[in-house]
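Down below is the structure, laid out as structure tokens.
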Amino acid sequence: MSEPTGGPLPILLDCDPGHDDAVAILLALGSPGVRLLGITTCFGNCAVADATRNAQRVLALAGREDVPVAEGAAGPMRGATALGNYVHGVTGLDGPELPEPTVSPVAEGAVSFLYRTLTEAPAPLTVVVTGPMTNLGVLLTSEPGIAGKIAEIVFMGGSTERGNHTPTAEFNTYADPEALDVVLRSGVPVRMVGLNLTHQALATQPVVDRMAAMPHTVGRTCAAWMGFFGDSYERIWEFSAPPVHDPCTIAALLDPDVIRWRPSFVAVELDGRWTRGTTVVDLYDRYPDEQPNASVALELDAERYWDLVLAALDRLGAAT
Ligand code: RIB
Ligand code: CA
């Protein structure tokens, strides 16, 4: 939702582009309701260096290389590094050719960039996370007081139902469960957009056709991304259309009615041999000693979602 003053909501986006992260970046850039202050990158869909380059290429595509990019974590707070190239390809954003960046990432790392930007902001900021939570997990561990400078964290991750990277764990939470645990215990207001929600955000053929029909490179590039992403989802998980996860977080900030939420206690499994990274979402208060620590997305108005995404792509494309 835009600020009470009616101006665009300033946001920071921490991501691992990634095809759906790329669409989230374009949704933010093409929507007057939010102002993207900066992008921080993380390992996840690909190695962090590739995620950084991909973020920069998406900004170049949008003609918005003025947005600063700060490179973040190459691996999780604890344990092995999981990568999602099996979904997103060798580059992490395989498919159509993209413009090469003409500027460099900022010299400071993601954690320093987040700390400085949050500290210098005149009011607490909204942080959107669409990859592993590592950068915020490290920041909140090293500087717990920064929690007071974060208005809310809206993250794509976890699920109230099954996982994807493992049968029970969604990729982002599997990649760094300790970081999500830090965030859930931080006291910062959290909104969780899990697979149960994002599997309602399917880029069906009519949606892809609308992207492909746009008279500009932004729309046609997104259509091609959906082609690659859709092939991965059909090959691995037998989806007939790809769930475009990450833009759901941005859409939630643009339109309060696009998602239905429920306050719930959420925990993340850290130790289970088969269940590490699984989010346990107590929708029906079965743990009476635990209070809700997150607002959990349950239902998407898919038509409103795609109208938001496609309108943003058209605005961006018309301006490039
Ligand atoms: O499980 C889906 C999530 O993992 C999305 O954010 C996708 O981009 C990957 O990061
Ligand atoms: Ca992502």
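One-based numbering, in listed order, for ligands and for the atoms of each.
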Can you tell me how far apart CG (L37) and OG1 (T117) are? Round to the nearest 0.5 Å. 7.5 Å
Metal-centred angle, OD2 of D246 through the Ca ion (ligand 2) to OD1 of D21, rounded to 10 degrees: 70°
So, the side chain of N293 versus the backbone of V266: is there a donor-acceptor pair under 3.5 Å, distance only? yes
If you measure every N/O of H245 against every N/O of ligand 1, is any gap under 3.5 Å? no
Crowding at CZ, R116 (>12 non-hydrogen neighbours, <6.0 Å): yes
I need the contact type for T130 against ligand 1. Using non-hydrogen atoms and a strict under-4.0 Å cut-off, is it side chain, backbone, both or neither? backbone
Near E170, which atoms of ligand 1 are under 4.0 Å from a heavy atom of that residue? 1 (O), 2 (C), 3 (C), 4 (O)
Under 3.5 Å, is there a donor-acceptor pair between the side chain of R35 and the main chain of L9? no
Closer than 3.0 Å to the Ca ion (ligand 2), do we get an N, O or S atom from N172, backbone or side chain? no
Does OH in Y86 sit with more than 12 non-hydrogen atoms of other residues, nucleotides or ligands closer than 6.0 Å? yes
Here the atoms of ligand 1 under 4.0 Å from any heavy atom belonging to N172 are 3 (C), 4 (O), 5 (C), 6 (O), 9 (C), 10 (O)
How are the rings of Y287 and F265 set relative to one another: parallel (under 30°), tilted (30 to 60°) or perpendicular (over 60°)? perpendicular
Kindly compute the distance separating OG1 (T173) from CE (M133), expressed to the nearest 0.5 Å. 9.0 Å
One finds that the ligand 1 atoms under 4.0 Å from a non-hydrogen atom of M156 are 2 (C), 3 (C), 5 (C), 6 (O)
Using a 4.0 Å heavy-atom cut-off, which part of V87 comes near ligand 1: side chain, backbone, both, or neither? neither
In terms of side-chain geometry, is the basic nitrogen of R276 or E178 positioned less than 4.0 Å from the acidic oxygen of its partner? yes
What atoms of ligand 1 come closer than 4.0 angstrom to any heavy atom of N45? 7 (C), 8 (O), 9 (C), 10 (O)
State the atoms of ligand 1, each with its element, that fall below the 4.0 Å cut-off from a heavy-atom position in D20. 5 (C), 6 (O), 7 (C), 8 (O)
Of the side chain and backbone of T198, name the one, both, or neither that has a heavy atom under 4.0 Å from an atom of ligand 1. neither
Suppose I only count heavy atoms of D21 and a 4.0 Å limit; which atoms of ligand 1 are within that range? 8 (O)
Quick check: of its N, O or S atoms, which one does D16 have closest to the Ca ion (ligand 2)? OD1
Closest protein heavy atom (residue, atom, distance) for atom 6 (O) of ligand 1: D246 OD1, 2.6 Å
Could you check whether R191 makes a cation-pi contact with W261, meaning its NZ or CZ is under 6.0 Å from the centre of the six-membered ring and within 45° of the ring axis? yes
